[in-house]
Structures are given as C-alpha cells and as structure tokens.
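Just follow the structure's listing: the first ligand is 1, and inside any ligand the first atom is 1.
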Amino acid sequence: MKFITKSLTTVAIAALAVSFSASTASAENARVYHWKLAMTWPTNLPPFSSTVYKFADDVKKMSNGQLIIRVDSKNKHKSPFGIFDMVRAGQYEMGHTASYYYKGKDPNTMFFTTMPFGMIAPEQWAWFYYGNGMKYMEKVYNKYNIMAFPGGATGNQMGGWFRKPINSLADLKGLKMRIPGLAGEVMAKLGVTVTNIAPGELYTSLERGNIDALEWVGPGMDIRMGFHEIAKYYYTGWHEPATSLTYFVNKRKWDKLPDHLKAILKDAMKANAFDMYVQNYDMSARAWKKMKEKYPQIQVKTFPKEVLKAMKKANDEVLAKYASKDPLFKEILQDQREYLKMVREWTKMSDFLYLKANMYNQE
Ligand code: CA
C-alpha cells in the first residue's frame, strides 16, 4: 500500500510537471510579438516597398496573427541609410535595405548585393542557399548583432543612360556620371568624374548637362524617372548583374523567437525575395515595350570591348586593394570566384546556349 501511495505521488508530480511545461510552452506559443521593420525605401517604390509590405502581411497570416510586423518607410523614419545602425541597436527589430550601402562600415557587406562582372541572380541564389553565401553573411554580420538574409533581387541592371555614345576609352575621360559603389570606384579609375546626386535631382541634372550619364536600375524602375525622355543611349550592364537586397534582423530579438516563428520568418523572406525578382522581371519587360514604342530613337548599346576589358582590369585592381587590407575580404572574394567559375559553366551550357540557339528563330 505504501509502495502504491508513493508511486501515485510520483506519477502525480510527474503529471503536474508535464502540465506545467505544457502551459509554459503554450504561453510562449500564444504570446503575440509586435515588431517594427525600417526600410530604406519610400512608401511607394515597387517592387522594393511592395514586396516588404507583402512580406509583413504573409508573416501575419502564416503565424495566425502571432507575429505582427509594422513596416516604416523612409518617409517615416527619415534615415534611409541608417537601417544597419537602427537594427543593430534594437531600435527596429528588422530592416530591409541593400547590404552594399554599408561598405563604409565594413567592405565585406558588398559581397551580398552584387559585384561588377560577378554572378547573375540565379547564380547568386545558388551561392547564398547552397554554396557558402549565407555562411559568410552570418560571419560578416553577427559581430554587429545582426542576422542577415537575402531580401529580393532586381536581376541584371542596365549600364545606364548616356547622352552621347561611348565608342572608346577616350570618351570616358572627363565624363560626369552618377554611379555609386564599387562600380563608381572602377569608373573613376578610367577617368570618369563620379558624382553622387540625390535621386530626386537626377532628371534635372541630366537634362541640364550637370551630368552626362547615370545608372539607375533597369526599364521597370527607370521608366518612372523619365531618363529615356532626355538620353537616347541605353547601355547594357556590367556593374550590377544581380543586386540582391537584404533583410536585417536584430540577433537578440531573433534568439527570443520560438522556433515556429523563426521558420515562418525565414520562409516568408525567401518567398518574397523570389517575388521581388519576378515582379521586377515583369515590370521591366512591360516598361521596355512602352519606352521603345514611344521613344523609338533609343538605342540599346553594349560598351566596346576595349572599354569592358579596361573596366574588368580596374575592377580587379580595386578588389585586390580591398583584399590586401582584410583577410576575410580575400577569403570571400576567393570563394565567390571559385563558385562563379563552376556555376557559370552550367549557365553557359543551359540558358546562354539555349538563348543563342533560339535567336535564329526570332528574327
Ligand atoms: Ca543601380
């Protein structure tokens, strides 16, 4: 009898323990998380802003209202390039921005956006998710208390709008151009006067001849800027072949989330990254059709071979300079180059030769 009593007590305590931990878990599962996300973009800048709003809406629905993310555009927080600092400090739990905006803080952030003459978007995704891309993102960002995730891509960007054609390297000397980032450093080495002008003033600057050329994105996003009305040479790309954007999450806030919400966030970021790419693909195809019809004088051109070769050489020199100062930069650069060498073979065999073969059927 004594044995039975003792055993019953043990069972009762065990049962109590189970119900206690179950109720703790269910409290965790029932807790509603209210987060804020700061994006670099204004409220109405599709496909960037539209994808972020959709992401937040997806997370709300997928979590059955347990994770609510309020999206603040730059119109609200007024700090488009302060996303890194605001997420790092925990002022915002999340951010959406472009990693290469923070190259002044850490040059290694550039690898996760795009590199001149580097990977195109599908190659870069393969590197992110199945190569070492996300591993390096973690290595670069964790020291800043930030988790970073791929956040959508524009795909190949156009080389820019030029008012005069570029027929030789000499035509670049003294040319005034708006072209930011690494590509700006490359152009400067070739004698271009690189300027940085606020987006709202670009059209007037180009129209008045304060600048001779500029790059923006591609037809889908360029059409709203109106550059095609005042510049007739539209050069194909070399400098931003993928241009992925990035989600930031404050690491302490991330660590406190239950696993199912982490999984929802990851999947919603990934799904909407893909959505941005296809949305921009569609926008560019439609915008180009319109531009071409209304402004038939626009000429699509590719830079001459000597210019492209000089750009590549200058780019290699700029990268070598960064690599000599930072072993991690050197390591990521090497990893990207090796991955590109491998993945490009397949891109050439598959998409490139398919397109080439089909040119004959489209004349
Ligand atoms: Ca651009």
Side-chain angles (χ1 to χ4, degrees), residues 39-42 45-49 51 74 80-81 83 96-104 107 109-121 124 150-163 166 172 175-188 190 192-203 205-206 211-228 230-231 233-246 273 276-277 279-281 283-285 287-288 291 298 300-303 307-308 311 314-315 318:
M39 60 178 178
T40 292
W41 333 112
L45 186 71
F48 295 176
S49 55
T51 309
K74 75 159 192 183
F81 304 111
I83 311 297
H96 189 264
T97 187
S99 187
Y100 66 0
Y101 291 149
Y102 310 100
K103 79 169 182 141
T109 56
M110 290 193 283
F111 290 110
F112 313 115
T113 307
T114 197
M115 299 296 271
F117 301 107
M119 293 182 254
I120 58 171
Q124 194 192 41
T154 63
N156 220 319
Q157 296 203 0
M158 291 296 284
W161 295 96
F162 290 70
R163 299 195 79 175
I166 301 300
L172 288 180
L175 188 93
K176 290 195 286 294
M177 181 173 187
R178 180 265 179 194
I179 178 165
L182 205 53
E185 291 184 53
V186 171
M187 281 301 220
L190 301 182
V192 172
T193 306
V194 176
T195 60
N196 203 2
I197 296 168
E201 292 157 29
L202 282 173
Y203 182 93
S205 299
L206 186 64
I211 51 172
D212 308 300
L214 57 82
E215 74 79 52
W216 192 242
V217 182
M221 296 185 78
D222 291 6
I223 196 167
R224 285 162 47 133
M225 305 294 280
F227 307 135
H228 57 290
I230 47 174
Y233 301 100
Y234 203 14
Y235 275 86
T236 59
W238 60 278
H239 64 310
E240 297 205 52
T243 312
S244 269
L245 303 179
T246 307
M276 181 186 294
Y277 177 75
Q279 204 184 129
N280 197 49
Y281 216 100
M283 280 170 60
S284 283
W288 176 238
M291 279 183 193
I298 298 174
V300 175
K301 292 178 85 71
T302 294
F303 292 109
V307 171
L308 286 165
M311 284 167 168
N315 184 58
V318 172

Completion exercise
In short, Gly160 meets Phe162 closest at the heavy-atom pair O-CD1, 3.5 Å
Handout entry: Any N, O or S atom of Gln157 closer than 3.0 Å to the Ca ion (ligand 1)
Key = yes
Practice task
Using only N, O or S atoms, tell me which atom of Glu240 is closest to the Ca ion (ligand 1).
Solution key: OE2
Completion exercise
d(Arg163 CZ, Leu206 CG) to nearest 0.5 Å is 5.5 Å
Exercise for the section: Name the orientation class of the two ring planes belonging to Trp216 and Phe227 (parallel below 30°, tilted from 30 to 60°, perpendicular beyond 60°). Expected result: perpendicular
Exercise for the section: Please find out if the Ca ion (ligand 1) and some N, O or S atom of Ile179 are separated by less than 3.0 Å. Expected result: no
Handout entry: Non-hydrogen atoms of Lys74 and Thr40 that approach each other most closely
Key = CB-O, 3.5 Å
Handout entry: Glu215 atom (N/O/S) at minimal separation from the Ca ion (ligand 1)
Key = OE1
